Amino acid sequence: MAGGEKELDEKYRQLDEVIERYGQQEGQLIRILKEAQDIFGYLPEEVQTYIAGKLDMPVSEVNGVVTFYALFHTEPRGKYGINVCLGTACYVQGAQGILDEFRRQLDLHEGDTSADGLFTVKSTRCVGACGLAPVLTVGDEVYGKFRRQDVARLLRKYRRREVTAGDQRAERPDRYPEETAPGH
Amino acid sequence: MINGLNDLIDIRKKRLPDINARREKPGAAPGWQVLVCSGTGCTSSASHQVREELARQVQLKKVLARVIKTGCFGFCKMGPLVVIYPGQTLYCLVKKEDVAEIVEKHLLEGQVVERLLYEEPASGERKRRLSDIQFFRAQYRVALRNCGLINPEDITEYIACEGYFALADVLLNWTPAQVVDAIKQSGLRGRGGAGFSTGRKWELAAAAQGPEKYVVCNADEGDPGAFMDRSILEGDPHSVLEAMAIAGYAIGAREGYIYVRAEYPIAVDRLERAIDQARQYGLLGRRILNTNFSFDIDLRLGAGAFVCGEETALLRSAVGERGEPRPRPPYPAQCGLWGKPTLLNNVETYANVPVIIREGPAWFASLGTENSRGTKVFSLAGKVLNTGLIEVPMGTTLRTVVFDIGGGIPGGRQFKAVQTGGPSGGCIPERHLDTPIDYESLKQLGSMMGSGGMIVLDETDCIVDIAKFYLQFSQDESCGQCTPCRVGTKRMLEILERITQGQGQMEDLNELEELSREVMDASLCGLGQTAPNPVLSTLKYFRDEYEAHIRDKRCPAGVCRALLDYVIDEEKCVACGLCARECVAKAIMGEKKGKPYFIDRQKCLKCGACLARCPKGAIYTA
């Protein structure tokens, strides 16, 4: 896959730029890791090793930081990251039930990403929009006053977006053949 | 570029008419000022679309109006919010589609769009002016003075509100010792948690020896249910920058760092803009206002670890390491960032500083109570009608906050408790609602000021479940370094889990208390030392609810799923089938218009969707 390699080269080039920009300043490791995660989608071992090499640090130290903070993840994520807020205000308004419902509908027994690689469901601690509790975010979009019953509709919305996005997929039926009706 | 006080005064003069219009003072600029809340809450409900549409139509119809992006008004429940001056008309829940009517009717014809006004729930009365609304009336804004008033992305608006005048005054006329003294006299205490005297902190940092010192701002608001720091950063970032520069002057530092959560993208963005602008105007950087004082600020991103709110952990994280706390002493004032003397305060604490300098410490000290001066910002949320961001003088009672400002409990349900201080705090029951809020009184009740999260609980919230929720949080967020915190909270959590599963024993309660004391006494940092607070306070005030779980295997609030069953009342069921349609687990069986429906206990997820759907009230929990 030459295309894939090219893409990867481009990502490393971007990472070099980030390291160039922040690497000189003391104590910017977290910033660099965050930017790297934005570029690669996650922080695989190779990327951690690469950053460690560039910054002349032991990999163990970089890995120690990566594993300490909730922001970082070392596994690839689904295309749509669903973050259910489990701040207190959301919790008392039933956010745990919403999280459970996502896990159930997407069949997430272990891990957080659905089998089709489309959705990653995680909880997050306080989005800071407590007036709209319970709240969840999908990428940059915020959904307030969310109900457990809305879970199926939300998943459908993003699946449909997936179907209409991209030329090849546009001709697909409204629903993936392998997709079962929501609620099963 | 601002080279002296005169330049600052010039900018202020130029921009003051706009601010006067919003403060309804003489010398107001002509035309309308249309303020659109652009805090996180309103942005989440698409306030940017409203703003863009307003700007578009105002231009299209050639209305003499300025559309201004502001920080949080505080009334988050009613967002997106729009306020129009003159008249201080507040429009609630504004959608893009409402804009045409607002422009047409209000801005062109000068009439009010009645249907978008706030309706006082008690009386059903529509309130036109923002200041007529109960939610705003009992408030007094010091730290939030500019939030919802100015455009946070425009430094000249901040200057028009006397911004950077305190810095100028200090640099031109005060000695560093005088600044420290003023902060001490004001009685300001840290707004981030424990409430240590800010002036004393500044004094220690000023007295520390060393050629290099740092000023750091803790903007790592990790408390679930707290968003006041975020709102200040989003609504008035320059007040924090100005305060940090003043602090730098007072203690002899030339560099400052703001440690801000990466999860707060709007706050990070506005801070970056604010720092850039302040540099361009010469209010940060070399030789500020042509004095010998140089000071600059940089951001450091936090990456989602609650423990980084603890000062020694934060300082480690700010230099890119794992945010693990260390024993104190030495305190950050002696040994902080890169081992150098460091002054560390929280966002809200800093936001008070420019006003204290400007209005004088005596003015500030006249607000609040004997030992807790000034005001405090709370984020009010949970089972309360008016959720949002509020600021009240210290000493205001909890009842005023929950019932007057918060408007009480929705749905006619019973108040149960108010949780203050987040995972380090506790639950306060009805009988203590008349307690004036200050650091000591909350502590006495077994709770805490903390950063100011205030979550109202009603009768449908299970107190054991809430205690479990907070303990789970502390357990997750423990850095793991010290055993009492790492293992102690885990054991406590196991006990609580057992109780909510209906497998608790009476001895468990004593065990919980004992463990709590041990974790508190033996933990290294504030996280462990306060983690048992939610458990202890609920045990103190709601022991009967714990006992109901253990003795009667019953959850009085109907929350703990293991202890309840959903049952269909055969008498009331009309076999309409709505419940079965609602049930995602297909646990409800029956035939439409046939015999009463039936819930399969094995399949039932106990989500309660059927109960909410049943038109006949035939489903209940047992």
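Worth knowing before you read on, the calculation uses all heavy atoms, side chains too, and leaves out hydrogens, waters and symmetry mates. Keep in mind it's a predicted model, so treat the numbers as computed, not measured. Note on naming: letters A, B, ... go to the chains in the order of the sequence lines (proteins, then strands), and numbering restarts at 1 for each one.
Interface remark: Ala226(B) contributes backbone atoms only to the contact with chain A (heavy atom separation under 4.5 Å). In this structure, no portion of Ser379(B) lies under 4.5 Å from any heavy atom of chain A. When heavy atoms are compared at a cutoff of 4.5 Å, Ile455(B) approaches chain A solely by way of its side chain, counted from C-beta outward. Looking at Ser317(B), both its backbone and its side chain come within 4.5 Å of chain A, counting heavy atoms on both sides. Using a 4.5 Å cut-off between heavy atoms, Ala318(B) contacts chain A through its backbone alone, with no side-chain atom that close. Neither the backbone nor the side chain of Cys72(B) comes within less than 4.5 Å of any heavy atom in chain A. In this structure, chain A has no heavy atom under 4.5 Å from any part of Asn386(B). Using a 4.5 Å cut-off between heavy atoms, Val384(B) makes no contact with chain A at all.
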Give the intermediate values and the outcome of side-chain hydrogen bond (donor to acceptor under 3.5 Å, both in side chains) for residues Thr88(A) and Tyr470(B).
CA-CA 8 Å; Thr88(A) 321; Tyr470(B) 281 114; 3.1 Å; yes
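Between Pro224(B) and Tyr91(A), the closest side-chain pair of non-hydrogen atoms is not below 4.5 Å. Looking only at side-chain heavy atoms (C-beta outward), Gln472(B) and Leu86(A) stay at 4.5 Å or farther from each other. In this structure the side chain of Arg261(B) never reaches within 4.5 angstrom of the side chain of Leu71(A), judged on heavy atoms. You'll find the side chain of Leu301(B) reaches within 4.5 Å of the side chain of Lys34(A), heavy atoms only. Residues Val584(B) and Arg104(A) have side chains in contact (heavy-atom distance under 4.5 Å, counting atoms from C-beta outward). Considering only heavy atoms from C-beta on, Glu582(B) comes within 4.5 Å of Gln149(A) through its side chain.
In this structure, Arg125(A) pairs ionically with Asp476(B), as a charged nitrogen and a carboxylate oxygen lie closer than 4.0 Å.
Across every non-hydrogen atom of Glu272(B) and Arg31(A), the tightest pair is OE2-NH2, 3.0 Å. Scanning all heavy atoms of the two residues, the minimum distance from Tyr69(A) to Ala303(B) falls at CB-O, 3.2 Å. Closest of all the heavy-atom pairs between Leu132(A) and Gly41(B) is CD1-O, 3.6 Å. A pairwise comparison of heavy atoms in Gln28(A) and Leu299(B) identifies NE2-O, 4.2 Å as the closest pair. Pairing each heavy atom of Ala89(A) with each of Ala381(B), the nearest pair is CB-CB, 3.6 Å.
Looking at Arg322(B), its side chain does come within 3.5 Å of a backbone N or O of Gly64(A) through a donor-acceptor pair. A donor-acceptor pair under 3.5 Å links the side-chain atoms of Lys383(B) to the main chain of Val92(A), judged by distance alone.
Atom CZ of Phe68(A) sits about 5.5 Å away from atom CD of Glu324(B), to the nearest 0.5 Å. For the atom pair SG of Cys130(A) and CZ of Phe227(B), the computed distance is 4.5 Å after rounding to the nearest 0.5 Å.
Applying the ring pair (Phe, Tyr, Trp, His ring centres under 6.0 Å) test to Phe415(B) and every residue at least two apart in sequence or in another chain returns Phe403(B).
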